[in-house]
A.B. asks: 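Below: one structure in structure tokens.
FYI, the numbering just counts along the sequence from 1.
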Amino acid sequence: MKNKLKALIESLVVGLLVFFLTITNLFQSLDYMVRDRLYQMPRGINSKIKIIGIDEKTLMELGPIQTWSRSRYAELIEKLNSYPEACPMLIGFDIQFTGRVDEGDDAFAEAAKKSGNVVVVEQLIYKGRAVMDENGLRTYDGVDNVDEPFDALYEATNVGFSNVALDSDGVVRRIKPTEEYNGKTYSMFSKVLYDTYCRLQGTEPREIPVDKYGISVINYSGRPGDYECVSMVDVLNGTIDTRTFKDSIILVGAYAPGLQDNFNVPNGGSNMMYGVEVHANILQSYIQNRFAVNGNPYVFAIVTAILAMLLHYLFRRLKIWMSLILLVLAVSAELVTCVILNNNGLTFHAVYFPLVMVLSFFYSLAIGFILEQARRRKVMNAFKKYVAPQIVDEISKKGDFSIKLGGENRDIAVLFVDIRGFTTMSEALEPEQVVAILNEYLSLTTKSIFDNLGTLDKFVGDATMAVFNAPFDLPDYEFKAVCAAMDIVKGGEALEKDLLEKYGRSVGFGVGVHCGPAVVGNVGCEVRMDYTAIGDTVNTSARLEANAKKGQVLISDTLYERLKDRLVVEEIGVIPLKGKSNGVFVYSVKEVLNREPAEKESENA
């Protein structure tokens, strides 16, 4: 219940985070990057829209553009209309023609009037400094003035302003189709081109969707350089057959970096797009009705926040691979939905739901890992109550936690220890006192075994069994087994005094130690196993313990032969052992020699 409540609270936090980020658009630059990749994929250009560029070649042959007579443009119009049966449908000049220059002005105005399909640009002069609106778009207090074409040209053509809107990062993503000034409505160059195109086609122009600021988002069709462009000087020189422009929409404009009419666009990458190309994209969007406006951010934020809450809750409950699949599906679905909505006129911040969901997934992954590590530590700490901590640590380092039935032949040392007089004492004391004494005894034996790196095999009533050199190799295991036995006996002396003071009863320990081959491993069944040692070595050790007196450590002659230079013993002689046809020569250990401190042994291990 506690974990479920915690997951629900976390889910609520995740939902609120998605909602807050979506509403505030806190990481605007990242959002721009994602939206540009999603919404501004190349869609294919309209081959009827062609560009006649004032490029480097034109400037090399005709000189700087500001030195030209406008008769050049009159000549261009006449060239394009030189074949009446193959004229372009529409001619647009993305070039400013303010004020009169020379007699070429009248020739240009006359040629435009005669053509009847020419659109030119004017420039809006805005008030004050630009400020950012809630969408990161530069806006002004209003129009302060208009730079219009010279009078004769203004009367002979259709005119639209060429200003484009820049986002906070200097990228052209949006347009404002119309502006108001002195009670008059001014239309954008691309809109005037479209309106003129519809009039010539005999169709009614559509109104594009705009937001409360009168702004619409451009869906670009082409990247920089995608629209067919020919050099203006090639048209003037007759190098280009103008019949190829039949029924086309011709846009004339700057196509050289030095003319400083290029812009950053969302699908340009490191390349900038000339203004005439920007207008070509906007015109195609008009023709194909592919603009979008910002959708209601609150509705989108609520929907994505609810989905985020649900997903986070599932992340905290499901397995990693299932959560990963769910993450990929959810993020993909959100991005695809955003693209579909954008293509149908509504655009939203697409980055925040995927961003928070990825963070949520990795958070859930980290929390799961931490909880698993805590659970594992808990299990390992519990395991240390049964097996020497050093052995448990070794298992943990190797990372092999698989447990299978089966055993192996190993040479081991086996220790048995039992309380002398325990049955009589238990009959005379209260059950609680018996358990308390038994626990103190078991604590002593366990500590002594673990301090000497032994494996606690089992408790059998008041008896304890331990093995040394299993399940892992243990250097000098025979000596460590004897040291453990002596620690038990010496510890028993102090325990005996303590129990005598508390309960008026004392206990002592008899210990038997033997070494030799045995089968060591997991015995039992799949649902219940016991790690133990089986064989004559174990039986012999148990018989030695049964014959040991209080405070006595008995070892076999086999074990003595391996350690005789390191032990002080007393010969007991051959004693018969139950279950064995021949007796065993037995020694009582009095002292161990040249022993390192238990702490040092643990460090070396």
A.B. asks: Kindly state whether the ring of F291 and the ring of Y286 have centres lying under 6.0 angstrom apart.
C.D. replies: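 Under 6.0 Å, so yes.
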
A.B. asks: Salt-bridged, R375 to E372, with N to O below 4.0 Å?
C.D. replies: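 Between E372 and R375 there is a salt bridge, with a charged N closer than 4.0 Å to a carboxylate O.
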
A.B. asks: List the steps, then state whether side-chain contact (heavy atoms from CB on, under 4.5 Å) holds for K50 with I249.
C.D. replies: CA-CA 6 Å; K50 302 181 188 297; I249 301 172; over 6 Å; no

A.B. asks: Donor-acceptor check, side chain of S285 to backbone of N219, threshold 3.5 angstrom: yes or no?
C.D. replies: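 Looks like yes, one N/O pair under 3.5 Å.
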
A.B. asks: More than 12 heavy atoms of other residues, nucleotides or ligands under 6.0 Å from CZ of R43: yes or no?
C.D. replies: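 Counting other residues, nucleotides and ligands, CZ of R43 exceeds 12 neighbours.
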
A.B. asks: Indicate yes or no for a side-chain donor-acceptor contact from R206 to the backbone of I287 under 3.5 Å, with no hydrogens or angles considered.
C.D. replies: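 Side chain of R206 to backbone of I287, a donor-acceptor pair under 3.5 Å: yes, one is there.
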
A.B. asks: Could you tell me which non-hydrogen atom of V164 sits nearest to which non-hydrogen atom of H279, and how far apart they are?
C.D. replies: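 Shortest heavy-atom separation between V164 and H279 comes out as CG1-CE1, 4.2 Å.
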
A.B. asks: Mind running side-chain contact (heavy atoms from CB on, under 4.5 Å) on L193 and D195 for me, showing each step along the way?
C.D. replies: CA-CA 6 Å; L193 284 169; D195 291 344; over 6 Å; no

A.B. asks: If you count every heavy atom of other residues, nucleotides or ligands that lies below 6.0 Å from N343 atom CG, does the total exceed 12?
C.D. replies: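 It does: N343 CG has more than 12 such atoms within range.
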
A.B. asks: Counting distance only, does the side-chain N/O of E61 pair as donor-acceptor with the main-chain N or O of V233 below 3.5 Å?
C.D. replies: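 Between the backbone of V233 and the side chain of E61 there is no qualifying donor-acceptor contact (under 3.5 Å).
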
A.B. asks: Out of curiosity, S115 OG to I77 CD1, how far, rounded to the nearest 0.5 Å?
C.D. replies: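 One gets 6.0 Å once the value is rounded to the nearest 0.5 Å.
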
A.B. asks: Answer with yes or no after comparing the ring centroid distance for Y154 and F97 against a 6.0 Å cut-off, counting only values under it.
C.D. replies: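 That pair fails the under 6.0 Å test.
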
A.B. asks: Is the side chain of Q28 donor-acceptor paired with the backbone N or O of D169 at a distance under 3.5 Å, no angle test?
C.D. replies: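 A pair under 3.5 Å: no.
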
A.B. asks: Determine the minimum heavy-atom distance between I52 and S231, stating which atoms define it.
C.D. replies: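 Closest approach of I52 to S231: CG2-C, 4.5 Å.
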
A.B. asks: Tell me whether the NZ or CZ atom of R70 lies within the 45° cone about the ring axis of F108 and under 6.0 Å from its centre.
C.D. replies: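 Not flagged: R70 not positioned over aromatic ring of F108.
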
A.B. asks: Above 12 or not: heavy atoms from other molecules or residues under 6.0 Å from NZ of K113?
C.D. replies: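 Atom NZ in K113 is not packed in, count stays at 12 or less.
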
A.B. asks: Test E179 against Y126 for side chain to side chain donor-acceptor pair (under 3.5 Å), laying out the working first.
C.D. replies: CA-CA 11 Å; E179 286 278 16; Y126 289 99; 3.0 Å; yes

A.B. asks: Are side-chain heavy atoms of C338 and H349 found at a separation under 4.5 Å?
C.D. replies: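 Side-chain contact under 4.5 Å: no.
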
A.B. asks: Is any side-chain N of the basic residue among D234 and K57 closer than 4.0 Å to the acidic one's carboxylate O?
C.D. replies: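 Salt bridge between D234 and K57, a charged N being under 4.0 Å from a carboxylate O: yes.
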
A.B. asks: Do H312 and S11 have a side chain donor and acceptor closer than 3.5 Å?
C.D. replies: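 No, because no side-chain N or O of H312 sits under 3.5 Å from a partner of the opposite role on S11.
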
A.B. asks: Do any N or O atoms from the side chain of N281 and from the backbone of G222 form a donor-acceptor pair under 3.5 angstrom?
C.D. replies: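 Yes, because the side chain of N281 sits within donor-acceptor range (under 3.5 Å) of the backbone of G222.
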
A.B. asks: Quick check: closest heavy atoms across D105 and F150, and the distance to 0.1 Å?
C.D. replies: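 Of all heavy-atom pairs spanning D105 and F150, the closest is O-CZ, 3.5 Å.
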
A.B. asks: For atom CZ of R100, decide whether the heavy atoms of other residues, nucleotides or ligands shown that lie under 6.0 angstrom number more than 12.
C.D. replies: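 More than 12 within 6.0 Å, yes.
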
A.B. asks: Could I get the full list of side chain to side chain contact (heavy atoms under 4.5 Å, CB included) partners for L21, not counting sequence neighbours?
C.D. replies: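 Once residues adjacent in sequence are excluded, the partners of L21 under the side chain to side chain contact (heavy atoms under 4.5 Å, CB included) criterion are L17, L26, F27, Y352, V356.
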
A.B. asks: Is any side-chain heavy atom of N264 less than 4.5 Å from a side-chain heavy atom of M273?
C.D. replies: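 Not touching, per the 4.5 Å side-chain cut-off.
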
A.B. asks: Looking at Y32, does the NZ or CZ of R173 lie under 6.0 angstrom from its six-membered ring centre and within 45 degrees of the ring axis?
C.D. replies: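 Yes, R173 lies over the aromatic ring of Y32.
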
A.B. asks: For residues V119 and T196, report the shortest heavy-atom separation together with the two atoms involved.
C.D. replies: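 Between these two residues, the closest heavy atoms are CG2-OG1, 3.9 Å.
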
A.B. asks: With distance as the sole test, does N237 use its side chain to make a donor-acceptor pair with the main-chain N or O of T239 at under 3.5 Å?
C.D. replies: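 No; zero donor-acceptor contacts below 3.5 Å.
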
A.B. asks: Side chains of E334 and T304: any donor to acceptor distance under 3.5 Å?
C.D. replies: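 On atom types as modelled, these side chains do not qualify, holding no pair under 3.5 Å.
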
A.B. asks: Just how far is it from atom CG of L90 to atom CD of Q201, taken to the nearest 0.5 Å?
C.D. replies: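 Rounded to the nearest 0.5 Å, the CG-CD separation comes out at 10.0 Å.
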
A.B. asks: Would you indicate whether the side-chain heavy atoms of V278 and V265 approach each other to under 4.5 Å?
C.D. replies: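 Sidechains of V278 and V265: in contact.
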
A.B. asks: Run the side-chain contact (heavy atoms from CB on, under 4.5 Å) check on L326 and F361 step by step: do they pass?
C.D. replies: CA-CA 10 Å; L326 190 61; F361 172 78; over 6 Å; no

A.B. asks: Going from CD1 on I23 to CD1 on I302, what distance comes out if it is rounded to the nearest 0.5 angstrom?
C.D. replies: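 With rounding to 0.5 Å, CD1 (I23) is 7.5 Å from CD1 (I302).
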
A.B. asks: At what distance, to the nearest 0.5 angstrom, does OG1 of T185 lie from CG of N182?
C.D. replies: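 Answer rounded to 0.5 Å: 11.5 Å.
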
A.B. asks: For G170, does its backbone N or O pair with a side-chain atom of D167 as donor and acceptor, under 3.5 Å?
C.D. replies: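 Side chain of D167 to backbone of G170, a donor-acceptor pair under 3.5 Å: no, none is there.
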
A.B. asks: For the side chain of W68 and the backbone of G63, is there at least one donor-acceptor N/O pair under 3.5 Å apart?
C.D. replies: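 Yes, W68 side chain to G63 backbone: donor-acceptor pair under 3.5 Å.
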
A.B. asks: Tell me whether L30 at atom CG has more than 12 heavy atoms from other residues, nucleotides or ligands lying less than 6.0 Å away.
C.D. replies: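 Enclosed.
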
A.B. asks: I need the minimum non-hydrogen distance between A280 and Y227, along with the two atoms involved.
C.D. replies: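 So the two residues come closest at O-OH, 3.5 Å.
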
A.B. asks: What I'd like to find out is whether the side chain of F263 reaches to under 4.5 Å of the side chain of Y274, using heavy atoms alone.
C.D. replies: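 SC-SC contact between F263 and Y274 ruled out.
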
A.B. asks: Can you tell me how far OG of S69 sits from CG of L62, rounded to the nearest 0.5 angstrom?
C.D. replies: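 Atom-to-atom, L62:CG and S69:OG are 11.5 Å apart.
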
A.B. asks: Flag the pair N267 / D36 as yes when at least one side-chain heavy-atom distance between them is below 4.5 Å, and no otherwise.
C.D. replies: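 The answer is no, as the side chains (C-beta and beyond) never meet within the 4.5 Å cut-off.
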
A.B. asks: Start with the C-alpha distance between R316 and S360, add both sets of side-chain angles, then the distance that settles side-chain contact (heavy atoms from CB on, under 4.5 Å), and finish with yes or no.
C.D. replies: CA-CA 9 Å; R316 297 289 276 110; S360 167; over 6 Å; no

A.B. asks: Just wondering, are more than 12 heavy atoms of other shown residues or ligands nearer than 6.0 Å to CD in Q373?
C.D. replies: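 Above 12, so yes.
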
A.B. asks: Do you see a donor-acceptor pair shorter than 3.5 Å between the side chains of S162 and E122?
C.D. replies: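 No, no side-chain donor-acceptor contact under 3.5 Å.
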
A.B. asks: Does V159 reach the side chain of E148, with side-chain heavy atoms less than 4.5 Å apart?
C.D. replies: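 Of all side-chain heavy-atom pairs linking E148 with V159, none is under 4.5 Å.
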
A.B. asks: Spell out, as yes or no, whether a donor-acceptor pair under 3.5 Å connects the side chain of S82 to the backbone of K79.
C.D. replies: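 Flag set: sc S82 to bb K79 pair under 3.5 Å.
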
A.B. asks: How about F161 and V121: do any of their side-chain heavy atoms sit closer than 4.5 Å?
C.D. replies: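 Not touching, per the 4.5 Å side-chain cut-off.
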
A.B. asks: Kindly give the heavy-atom pair with the smallest separation between K48 and D247, and that separation in Å.
C.D. replies: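 For K48 and D247, the tightest heavy-atom pair comes out as CD-O, 3.9 Å.
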
A.B. asks: Show your working on side chain to side chain donor-acceptor pair (under 3.5 Å) between E180 and Y186 and close with a plain yes or no.
C.D. replies: CA-CA 6 Å; E180 299 292 328; Y186 291 82; over 6 Å; no

A.B. asks: Would you check if there is a donor-acceptor pair between the side chains of Y313 and E10 at a distance under 3.5 Å?
C.D. replies: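 Note: E10 and Y313 side chains miss the donor-acceptor criterion.
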
A.B. asks: How many angstroms lie between atom OG of S190 and atom CD1 of I175, to the nearest 0.5 angstrom?
C.D. replies: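 Spacing of OG (S190) from CD1 (I175) equals 6.5 Å.
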
A.B. asks: Test your reading of the model: is there a side-chain donor-acceptor pair from D55 to the backbone of T58, 3.5 Å cut-off?
C.D. replies: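 Flag set: sc D55 to bb T58 pair under 3.5 Å.
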
A.B. asks: Going by heavy atoms in the side chains, are M89 and N117 under 4.5 Å from each other?
C.D. replies: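 No; the side chains remain at least 4.5 Å from each other.
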
A.B. asks: Please enumerate all residues that pass side chain to side chain contact (heavy atoms under 4.5 Å, CB included) together with T347, with sequence neighbours excluded.
C.D. replies: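 For T347, the residues satisfying side chain to side chain contact (heavy atoms under 4.5 Å, CB included) (neighbours in sequence not counted) are R35, Y39, V217, A292, N294, N342.
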
